[in-house]
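Remarks on the structure that follows.
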Amino acid sequence: MSDAVKEPSMLLQKEMIAKNYEAITSKNETGRKVASTFVPGNLNELLMCFGIVNNLPEINAIQNGMRKLSGSYIMEAEKGGHSEDVCTYVKADIGMMGKGNIAPNGKPFPEPDVLLLSYTGCYTFMKWFELLREQYKCPTLMLHVPYEGDGHATKNMRDYIVRQLREVVIPGLEQVSGVKFDIDRLREALRLSAQAEEHLVWTLEQGKRKPSPIDAYFGGVYYIGPIFTAFRGTPEAIAYYEALRKEVQARIDAGQGPVTPDGGSFDDQKYRLVVEGPPNWTNFREFWKMFYDEGAVVVASSYTKVGGMYDLGFRHDPDHPLESLADYCLGCYTNRNLPTRIDILAKYVEEYEADGLLINSIKSCNSFSAGQLMIMKEVERKTGKPGAFIETDLVDPRYFSAANVKNRLESYFQMIEQKRRGAAKAA
Amino acid sequence: MTIDTTSKPTESMPTETMPATAEIVERCRSLYEDLDFSAARAWKAAVPGRKVVGFMPVYAPLELIHAAGCLPLGLFGGGDQMEVIHGDAYYQSYICRIPRSTVELGVTKRLDFVDGMIFPFVCDVIRNLSGMWKLMFPHVWSKFFDTPQNFDPEVGGRYYVEELKELRDGLGTLTGRKISDDDLKRSIALYNENRRLVREVYAFRARAPWKAPTSEIYLLMRAGLMMEVEEHNRLLVAYLAAAEAEDRPKRDNVRVAVYGSFCEQPPLNLIKSLEMAGCYVVEDDYALVNRFITEDVSTDGDPLEALATAYLKHSVETSCKYVPNEEDKGKYHVAQVRKARAEGVIYATPSFCDPALLDRPMICRRLGEAGIPHIAFKYAENSGQMQPIREQAGTFADSIKLWS
Amino acid sequence: MRCFIGIDLGSTTTKAVVMDENLHVLGRGITNSRSNYDTAAAVSKQEALVDTRLTLFRRALAGVPEVSGRVGEILADLERNFRRVQFLEQLDDLERTCIVNVQGPRFAGRETAVIDVLEETFRRLREHSAALFAPGARRKSDFFRDLAGSDFMQIGEAVCRDAGIGFDLILNVYDKSIITVENRPPAGDMEGKFLRALEQAKLDAGLVEKPVRDALAIPLEETYVVGTGYGRVRLPFPKEHIRSEILCHGLGAHMMYPGTRTVLDIGGQDTKGIQVDPSGIVENFQMNDRCAAGCGRYLGYIADEMNMGLHELGPLAMASTKQVRINSTCTVFAGAELRDRLALGEKREDILAGLHRAIILRAMSILSRAGGVKDQFTFTGGVAKNEAAVRELRKLIKENYGDVQINIDPDSIYTGALGGATFAVRAVVN
């Protein structure tokens, strides 16, 4: 395969990520402190208040998946007693430690100074950091975010999170960093966050256009990058989104679709899909190709909402800093109950005028996957559009069967095509 | 509903009519095997207006359900005797069995008499099932019950008291009757007694496991989660007396603790297989509910505060609860193994059980550090093949005998 | 005449159906799917065209009053002779290939002796072929590999014994050569072979010759070919000639039973539940998830484990009086499960009955996932031929969905190819 063609904004993002890895791996020289934390419920603005560098193990696992390293890491962890049944992000992370713990920039990962266990929307997070804590013996700060079981956040949930921020997280970070908490610093960062969030929402909503100038899944994972990781609340993130907006606007003006890794602009869009579930990372480009080769563009996705549902109106709020961090954590996609997820996806199918919902069911991730067959059924029922179901994994290459996935995708696209013809004939 | 707070059944039960263990166990077995829940249906039908509230593993404050005048009905999957058709339609092959069989129970109308459902926090699968239930059975009151992972009374405690209030109000709406503090205190007292008796039975088994086989204790506990607590208390007392009185042969078995089986339950055959393979189970976390709280819940002061304190301060360590200090991880297991004088641990988990499987390396490491031999294997609630289990457990038992 | 062909490249067998422009089926062909999908497609297509010729003969003979009532017999005789001609042709190919393969160190100095043995073996095979294709002779398979293979083992071993040469030597040559021959695209000139067969045919030669020759003179033009099935991506077809097996199965089932609304297909590697609308358009489908538990292959493993033929499983299961409950249809553990049960003293038929139920339970889940069963319900695929599986399915459909008409066509294995051929007609005629 030739090198993937990247847009300027992608290159910009690549630099930003490289810079963050540099900040992580040089901590012993710079004296900066490093926290490990998770993408959903990521409290980047708060970490910045203490000058702490943000390291996200999911992102490391993704990097290792795309670099074809995760397979051997997973096996390493399984050799060490981890079950083949459990999350491969965790195993890729643990296996990486067993194999030298080398960061994507080729330098060894230093030990984190604190584990910020932002426990939002995924049970496994709790065990993941219990496992890391066993290794690093560093302070671990649990921030328990209750699940929106009844479909909405309650005052009690919000108060509980704010109290944990006050009583556990902030004092803990002060102790680790030696920096006193300054709420005005937090307010400033939140102000910047809200601006970047505005840009992200604009970008994702361009999927409503025909042809869609973006791919909201394969391309979308790039668009969410800065906000979901170590850059929310920074001026760099705003610069990135400004550049991204220009690119998307240029494509809109030219009536073009998104740029594919093969370099072409994908204009001949036969099928518009909403996708539920994370992508597969080990065969990311091959997977993407199966879509654009068949003329399928993703116009909206739930994965681009795991780190916050900004499109539903939430913005970080400098006037209510801790409360808004609490609301942010509560509102991440996988912290919402199943009926809410169904409503959101059905709304996407309708508002983005999609041909249907495709579910990429991920073996690792029960938070996403358990119940997805019901999600499909219900979204079909609500929208009258057919759904489809494929299965892959996050970073376990053993679980990506190209022939199997391709077969199902083709069957799905042909069914949509046949139904259209049937409908045209009947009309 | 009248509540018998005294519950001293032994006094009114003359020894000559005292039931034998076999009789008690048989009754429990028929409750356990009855996937139509005839007894719970009969309970509901007996008095107009009665409500049944189902709950799933691993812990729910049954006192509240009881105080609302409802029957708490433990739902632990479908076992190995139910054919699952529609439940499988909802789940991929890499998801455990318990949500499938639970959905099957629902879809096949075996739970059509259940008025409310509580889905306690165990893992993401059960969490998501709570939402599916709302869609599948919109007329059933259902509640996802999230217990705190912060154990500071001022933080997690305050949150939990509010959650308990919400649960109490929900139950109140379901029954149309407010639950008073006194109602709740009476229920707490009954459940305190239940917990005491359960602990007594467990202690008895640890003392004389040949007199209280785990296959019997298991049925006694499972059945207890399907009947009124008053009745279960009487049954526990009767069983203790009967088991004590019976003479049973003592075998040259090793003493083991079983962990990892707190949610989806192993088939009864598996539990029997361990004993047949030479293991006396003297401690376990099967269907943890009635051992989740380890001490009496205070009946003084605010009962919700008391329930919260019990959860925060006196509950077991299990995979779905965060352990705030790294050095405390697995401590509970080691202490329990010592207390029950177990010689080894069988870490038996359902396939695809995230909580138990992710915990396994950490717990097993701690067991290793404490010099406690252990093995691990996986099962499903409908496992049919016992040969590999017998072989592994038998080898484990032999190795303990050989080396100790 | 214009022929429209559908080819269904399955994991176990490859099927082809030939249709005319009025959507009438002219012929069907089947072969084993080899490692070489091109050849499998070519062989199945040729088989379907052979069958088409027979259909044309039947139509031609319908106009000959003297043979009325005996057409079936005459055609059977003709086909038998045709098969023998074809078989001998392939046998010659196999012999030539074997002889070429007699080389290398293991034959050093023994080449002539081995070749002599081979020639003698093939001479006897040719001789024996008359019996193989004699009227009323039962052949356990029509695939060349199976026909040639079993005789080769018997005859070759005897010849080797007489010649004092180790059988393993020629067996090695055979194993190597059969794969080559099997994967060689079939030789053409079907018409020539029919003419030769006609010469050898015994029944009413005088009356039959003219109409058969006339029918043979009709050119069979391959107007449009559609490929489907699991191996379809490997077919050397342009993309517009490929349809997913879901669409083809849905349409094929509709062609067989126009009232079909729900289709269940249990194939070797997957199980599909399909909903179709009144015109055969797929509305929804579900396949088994990534795990292939409970698919046709599972029965294959069980048959291997029990050392039985696949077709013998159903009848044995029917003899069960006490079905054993089997909860796992995991293909990987099929053997272990079976041995465990046998070790417990359970009877083979009772275990088998339980296994069949387990497979059908799994299929029921897929149907449930696809939106349940609507009237009429059509069951297709290799497992639809298994009476024990069908019995369990009927029971479970009734319990779960009430009185639903259940259609099972004896030719249901051709459903996908039939749908493909229909798509081929539609691509041209509409």
Side-chain angles (χ1 to χ4, degrees), chain B residues 33 35 77-110 132 136 264-270 272-273 276-277 350-352 377-394, chain C residues 264 270-271 273 284-295 323-346 351 354-373 392-393 395-401:
Chain B
E33 284 175 353
L35 293 172
D80 60 353
Q81 291 303 306
M82 188 170 71
E83 285 179 336
V84 173
I85 294 175
H86 304 287
D88 266 349
Y90 288 91
Y91 290 103
Q92 302 89 323
S93 52
Y94 52 78
I95 306 259
C96 59
R97 300 292 316 173
I98 185 168
R100 302 165 194 269
S101 50
T102 306
V103 167
E104 189 79 14
L105 286 172
V107 171
T108 53
K109 301 197 167 25
R110 287 167 162 117
M132 291 168 66
M136 280 193 274
E264 177 178 323
Q265 296 296 293
L268 193 59
N269 264 338
L270 193 155
K272 284 184 187 159
S273 292
M276 279 156 63
S351 290
F352 306 108
F377 58 74
K378 294 191 289 185
Y379 64 82
E381 65 176 11
N382 64 350
S383 290
Q385 283 172 266
M386 290 305 145
Q387 190 52 34
I389 306 261
R390 280 198 297 273
E391 225 150 84
Q392 289 179 72
Chain C
L264 171 68
D270 50 36
T271 300
N284 202 338
F285 70 92
Q286 284 296 315
M287 297 164 83
N288 54 297
D289 50 33
R290 218 179 153 283
C291 167
C295 296
Q323 197 174 63
V324 168
R325 180 187 294 278
I326 306 270
N327 286 329
S328 162
T329 49
C330 176
T331 326
V332 180
F333 295 117
E337 175 96 35
L338 187 66
R339 284 189 295 272
D340 201 24
R341 299 289 179 166
L342 287 170
L344 288 173
E346 276 157 359
I351 301 170
L355 290 172
H356 281 82
R357 183 163 179 92
I359 286 183
I360 296 302
L361 280 171
R362 199 142 150 97
M364 289 296 292
S365 291
I366 287 162
L367 284 169
S368 171
R369 201 180 276 189
V373 171
E392 292 307 316
L393 183 69
K395 263 193 263 176
L396 283 162
I397 294 278
K398 183 146 173 83
E399 282 166 25
N400 285 276
Y401 300 101

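Here is the naming used below: chain letters follow the sequence lines, and residue numbers restart at 1 for every chain. Keep in mind that the numbers below use all heavy atoms, side chains included, and drop hydrogens, waters and symmetry copies.
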>> Counting heavy-atom pairs under 4.5 Å with chain B, which one of C/N400, C/L344, C/I366 comes out on top?
In response: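 Going by pairs under 4.5 Å, I would pick C/N400.
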> Looking at B/D88, B/D80, B/I85, which one has more heavy-atom pairs under 4.5 Å with chain C than the rest?
Replying inline: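 Maximum pair count with chain C is reached by B/I85.
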>> With a 4.5 angstrom heavy-atom cut-off, is it the side chain or the backbone of B/V84 that approaches chain C, or both, or neither?
In response: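 It is the backbone, since no side chain atom gets that close.
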Closest approach of [X] and [Y], non-hydrogen atoms and distance?
| X | Y | value |
| --- | --- | --- |
| B/Q81 | C/R325 | O-NH2, 3.1 Å |
| C/D340 | B/M386 | OD2-N, 3.7 Å |
| C/S365 | B/A89 | O-CB, 3.3 Å |
| B/H86 | C/Y401 | CE1-OH, 3.7 Å |

>> Going by salt bridge (charged side-chain N to carboxylate O under 4.0 Å, His left out), name the residues that satisfy it together with B/E381, two or more places apart in sequence or in a different chain.
In response: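 Residues passing salt bridge (charged side-chain N to carboxylate O under 4.0 Å, His left out) with B/E381: none at all.
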> With sequence neighbours excluded, what pairs up with C/E346 under the salt bridge (charged side-chain N to carboxylate O under 4.0 Å, His left out) test?
Replying inline: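 Here the qualifying residues are C/R341.
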> When you look at B/E83 and C/R357, which way does the side-chain contact (heavy atoms from CB on, under 4.5 Å) test go after all the steps?
Replying inline: CA-CA 10 Å; B/E83 285 179 336; C/R357 183 163 179 92; 2.4 Å; yes
> Side chain, backbone, both or neither: which part of C/I326 has an atom under 4.5 Å from a heavy atom of chain B?
Replying inline: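 Nothing of C/I326, per the 4.5 Å heavy-atom cut-off to chain B.
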> Given side chains that start at C-beta, do those of C/R339 and B/Q387 come closer than 4.5 Å, heavy atoms only?
Replying inline: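 No - every pair of side-chain heavy atoms lies 4.5 Å or more apart.
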